[in-house]
Amino acid sequence: MKDLTVTEVRLTPILVADPPLLNTQGVHQPYTPRLIVEVVTADGVTGLGETYGDTKYLEAARSLAGRLPGRSITDLNGLLTLAEDVPLDGHTVDGSVDVGGLRGVQTADKLRLSVVSGFEVACLDALGKALGLPVHALLGGKLRDRVEYSAYLFYRWAGHPEGVAGESDDWGAALDPEGIVAQARRFVRDHGFGSFKLKGGVFPPEEEIAAVRALADAFPGRPLRLDPNGAWSVETSLKVAAELRDVLEYLEDPTTGTSAMAEVAARAGGLPLATNMCVTTFPEIAGAFTAGAVQVVLSDHHYWGGLRNTRHLAEICRTFGVGVSMHSNTHLGISLAAMTHVAATVPGLHHACDTHYPWQTEDVLTERPAFSGGCVTVPDGPGLGVTLDRDRLDALHRRWLADDGSLRDRDDAAAMRRADPGWTTPPVPRW
C-alpha cells in the first residue's frame with residue numbers, strides 16, 4: 001500500500017522573461033514572478049504546481065507549506081481549511097483593483113485561494129503519479145481528447161523601454177491593425193490557432209475596432225474577441241458593441257463592475273459579454289447572474305482555488321445557462337497542463353480557452369507542451385504528464401535571487417488605472 005503522506009514541500013520562486021505586451025495599464029514588466037510548488041510524499045513521489053510568485057503570495061505559500069507535512073495528498077478539502085489560518089501580515093488587501101493581474105478586486109480570500117491552487121494541483125499531480133492515473137481521471141474523466149486554445153493577440157512594442165533590462169525576441173512591434181493581423185498570421189503558422197483574442201484598452205476604441213475588422217477580413221468566419229480589461233465607460237462599451245456586434249464571439253469586460261456590465265449587456269443588442277473581472281469568486285456569482293451582467297465566465301484555476309473549484313464553477317454556470325471558458329495569466333507549462341486536464345473534463349466547453357503560453361520563451365519543464373491545430377492533446381500519463389527540468393528551474397531561481405526586489409512584485413507595481421480612455425483619447429502606455 002502506498003504511503004501518501006506529505007513529507008516535504010519545496011517552494012521555488014522564479015522570474016521568467018515576459019515580452020513588452022501592452023494593456024490598459026501600461027506594458028508588461030520584463031520579468032514575471034512565478035512560484036513552483038513541489039509536494040513530496042513518503043514514497044518519494046513528487047507533485048508539481050504553479051501559481052503567482054509576488055511577495056505576498058510567496059509569504060502565504062511558505063506559511064501553508066509548513067502545515068502540510070504529515071497530512072495526506074488526498075486531503076484536498078483540508079487545504080482550504082488550512083489556508084483560512086494563513087496570516088497576511090504586512091500585506092494590505094484593501095479591495096482595490098488588482099494592478100498586475102487585471103483580475104478584479106483584491107481580497108484576502110482571493111489571495112489565499114491563489115496560493116491554494118498551486119498546492120492543490122501539486123497534490124493532484126502526486127496522487128495521479130502514485131495511482132498511475134492522469135489528473136483528468138481524478139476529476140471524473142475526460143470528455144475530449146484535445147482542448148482548443150485561442151491565439152492571444154497583444155499590441156506590443158518591439159522591446160522594453162530604454163534602460164530596462166529584458167530579453168529580446170523577433171516579434172517586433174504591433175501597434176496598428178496591420179501589425180495585429182501579422183501577429184495573428186504567425187500564431188496560425190506556428191500553432192494552428194483558429195480563434196483570436198485581442199487585448200484592447202490601449203488605443204482609442206476606433207483604432208481597436210479597426211484592428212478587429214482587419215482580423216475579420218483576414219480570417220473570415222473565425223471567432224474573435226476583444227478585451228479592454230474594464231477600461232471603457234458604459235457608453236463607450238455600447239459604441240464598440242454596436243460597431244463589432246456582427247463579428248465578435250463575445251466582448252470581454254468592456255467596463256468595470258457588475259452593474260455597469262449589466263447595463264451594457266442589456267443594451268448591447270444580443271452581443272454576449274464575458275468576464276474574468278466581475279465574477280472571480282463564488283459570492284460574486286449570484287449578483288452577476290441575477291442581473292444578466294455576463295453570458296460567459298472565464299475561469300482561472302489560479303484564483304478560483306484550483307481544478308476542483310473550476311469544475312464546481314462550471315456546473316453552476318451550466319445550471320444558469322451561462323457559458324464557461326478559461327482566462328489566462330502569464331503562466332508556464334505546469335499551469336497549461338493543469339488547465340488542459342480540467343478543461344478536458346468540463347461539459348459544454350464551447351469557447352476556446354485563453355493562453356499566454358506561446359508568448360513565454362522560458363519554462364521549467366524538460367519538454368514544452370505543444371499546440372497542434374490550436375489545440376493541446378490531453379495527457380493520459382500519470383499525473384499532469386509533465387516533467388520538471390531541475391537545471392532550468394535553478395537558473396530561473398538564480399535570476400530571482402539576483403533581483404533587488406523591483407521585479408518581484410508585479411501586482412504591486414505602480415500603474416495608472418484609467419477608468420475610461422474615451423472614444424477619442426488614447427491612454428499613454430507606460431512601464
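For the residue pair Ser63 / Glu59, no side-chain donor-acceptor distance below 3.5 Å is found, with atom types taken as modelled. Side-chain contact annotation: His302 with Ser335, donor-acceptor N/O pair under 3.5 Å present. One side chain, Lys110 or Thr280, offers a donor N or O that lies under 3.5 Å from an acceptor on the other. Remark: the Glu249 side chain and the His351 side chain contain an N/O donor-acceptor pair separated by less than 3.5 Å. A side-chain donor-acceptor contact under 3.5 Å links Thr32 and Asp18. Counting only N and O atoms by type, the side chains of Arg34 and Thr51 include no donor and acceptor under 3.5 Å apart. Between Ser233 and Thr236, the side chains place a donor N or O and an acceptor N or O closer than 3.5 Å (distance only, hydrogens not considered). For the 3.5 Å distance criterion, the side chains of Tyr52 and Asn329 qualify, holding a donor opposite an acceptor.
Glu120 contributes atom CD, which lies 5.0 Å from atom CG of Leu307 (distance to the nearest 0.5 angstrom). If you take CG on Leu82 and CG on Asp75, they are separated by 7.0 Å, rounding to the nearest 0.5 Å. Rounding to the nearest 0.5 Å gives a distance of 5.0 Å between CE of Met277 and OG1 of Thr256. How far CD of Glu208 is from CG of Asp176: 12.5 Å, rounded to the nearest 0.5 Å. To the nearest 0.5 Å, atoms SG (Cys353) and CG (Leu298) are separated by 9.0 Å. For the atom pair CG (Leu198) and CG (Leu215), the distance works out to 6.5 Å, reported to the nearest 0.5 Å.
Less than 6.0 angstrom separates the ring centroid of His312 from the ring centroid of Phe282. Checked against a 6.0 Å centroid threshold, the rings of Phe193 and Tyr149 do not count as neighbours.
Although no hydrogens or angles enter the test, the distance criterion places no donor-acceptor pair under 3.5 Å between the side chain of Arg189 and the main chain of Ala184. The closest donor-acceptor contact from the side chain of His397 to the backbone of Ile14 lies at 3.5 Å or more, if one exists at all. Looking only at distances, no side-chain donor or acceptor of Arg185 sits under 3.5 Å from a matching main-chain atom of Ala218.
Asn276 is not listed as a side-chain neighbour of Asp300, based on a closest heavy-atom distance of 4.5 Å or more. Cys317 has its side chain within reach of Leu313: a pair of non-hydrogen atoms, C-beta onward, lies under 4.5 Å apart. Two residues are said to be in side-chain contact when any heavy atoms from C-beta on lie closer than 4.5 Å; Tyr155 and Asn23 fail this criterion. Here the side chains of Trp232 and Pro205 are in contact, with some heavy-atom distance below 4.5 Å. Taking 4.5 Å as the limit, every side-chain heavy atom of Leu35 sits out of range of all side-chain heavy atoms of Tyr57. Residues Val297 and Phe289 meet the side-chain proximity criterion, which asks for heavy atoms closer than 4.5 Å. No side-chain heavy atom of Ser195 sits less than 4.5 Å from a side-chain heavy atom of Leu224. For the pair Val116/Leu80, a side-chain contact is recorded, criterion being any heavy-atom separation below 4.5 Å from C-beta on.
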Exercise for review: Check the pair Trp304 / Leu113 against side chain to side chain contact (heavy atoms under 4.5 Å, CB included), numbers first and verdict last.
Suggested key: CA-CA 6 Å; Trp304 281 89; Leu113 286 172; over 6 Å; no
Check your understanding: Hey, mind stepping through Val115 and Val86 against side chain to side chain contact (heavy atoms under 4.5 Å, CB included) and telling me if it holds?
Key -> CA-CA 10 Å; Val115 172; Val86 168; over 6 Å; no
Review point. Can Trp359 and Phe187 be said to form a ring pair (Phe, Tyr, Trp, His ring centres under 6.0 Å), step by step?
Key: CA-CA 10 Å; Trp359 286 112; Phe187 271 119; 5.4 Å; yes
Review point. Step by step, would you call Leu11 with Ile36 a side chain to side chain contact (heavy atoms under 4.5 Å, CB included)?
Key: CA-CA 6 Å; Leu11 303 178; Ile36 305 303; over 6 Å; no
Exercise for review: Report the C-alpha separation of Arg186 and Asp170 in whole Å, then their side-chain angles, then the decisive distance to 0.1 Å, and conclude whether the side chain to side chain contact (heavy atoms under 4.5 Å, CB included) test is met.
Suggested key: CA-CA 11 Å; Arg186 178 166 171 176; Asp170 63 352; 2.9 Å; yes
Exercise for review: Starting from the C-alpha separation in whole Å, work towards a yes-or-no answer on ring pair (Phe, Tyr, Trp, His ring centres under 6.0 Å) for Phe154 and His356.
Suggested key: CA-CA 10 Å; Phe154 281 83; His356 282 68; 5.4 Å; yes
Review point. Passes side chain to side chain donor-acceptor pair (under 3.5 Å), Asp3 versus Thr5? Steps please.
Key: CA-CA 6 Å; Asp3 190 341; Thr5 304; 2.7 Å; yes
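The minimum heavy-atom distance linking Pro30 with Val164 is given by the pair CG-CG1, 3.7 Å. Residues Asp403 and Leu15 approach most closely at CB-CD1, 3.8 Å, considering heavy atoms. Smallest separation of non-hydrogen atoms from Thr340 and Thr377: CG2-O, 4.3 Å. Contact record, Val346 with Val342: CG2-O, 3.3 Å, taken as the closest heavy-atom pair. The two residues Leu349 and Ala343 come nearest to each other via the heavy atoms CD2-O, 3.7 Å. For the residue pair Gly306 and Ser117, the shortest heavy atom distance occurs at N-CB, 3.6 Å.
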Without placing hydrogens or testing angles, list every side-chain donor-acceptor pair under 3.5 Å for residues 125-135, not counting sequence neighbours.
{"from": "Asp125", "atom 1": "OD1", "to": "Leu384", "atom 2": "N", "distance (Å)": "2.8"}
{"from": "Asp125", "atom 1": "OD2", "to": "Leu48", "atom 2": "N", "distance (Å)": "2.8"}
{"from": "Asp125", "atom 1": "OD2", "to": "Lys129", "atom 2": "NZ", "distance (Å)": "3.1"}
{"from": "Lys129", "atom 1": "NZ", "to": "Thr46", "atom 2": "O", "distance (Å)": "2.8"}

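A search for ring-ring contact (aromatic ring centres under 6.0 Å, His included) contacts involving His301 returns nothing, not counting sequence neighbours. Partners of Asp145 according to the salt bridge (Lys or Arg N to Asp or Glu O under 4.0 Å) rule, which considers only residues two or more places apart in sequence or in another chain, are Lys142.
Among pairs with a residue in residues 330-355, those fulfilling salt bridge (charged side-chain N to carboxylate O under 4.0 Å, His left out) read Lys197-Asp354, Arg225-Asp354, at least two apart in sequence or across chains. Counting only residues at least two apart or in different chains, salt bridge (charged side-chain N to carboxylate O under 4.0 Å, His left out) contacts with residues 363-378 are absent. Here salt bridge (charged side-chain N to carboxylate O under 4.0 Å, His left out) pairs that include residues 38-47, with residues two or more places apart or in two chains, are Arg10-Glu38, Glu38-Arg390.
Between Glu84 and Arg112, no side-chain nitrogen of the basic residue sits less than 4.0 Å from a carboxylate oxygen of the acidic one, so the salt-bridge criterion is not met. Under the 4.0 Å criterion applied to side-chain N and carboxylate O atoms, Arg156 and Asp169 are assigned as salt-bridge partners. Between Glu362 and Arg399 there is a salt bridge, since a side-chain N of the basic residue sits under 4.0 Å from a carboxylate O of the acidic one.
By the 30° and 60° cut-offs, the orientation of the rings of His136 relative to His341 is parallel.
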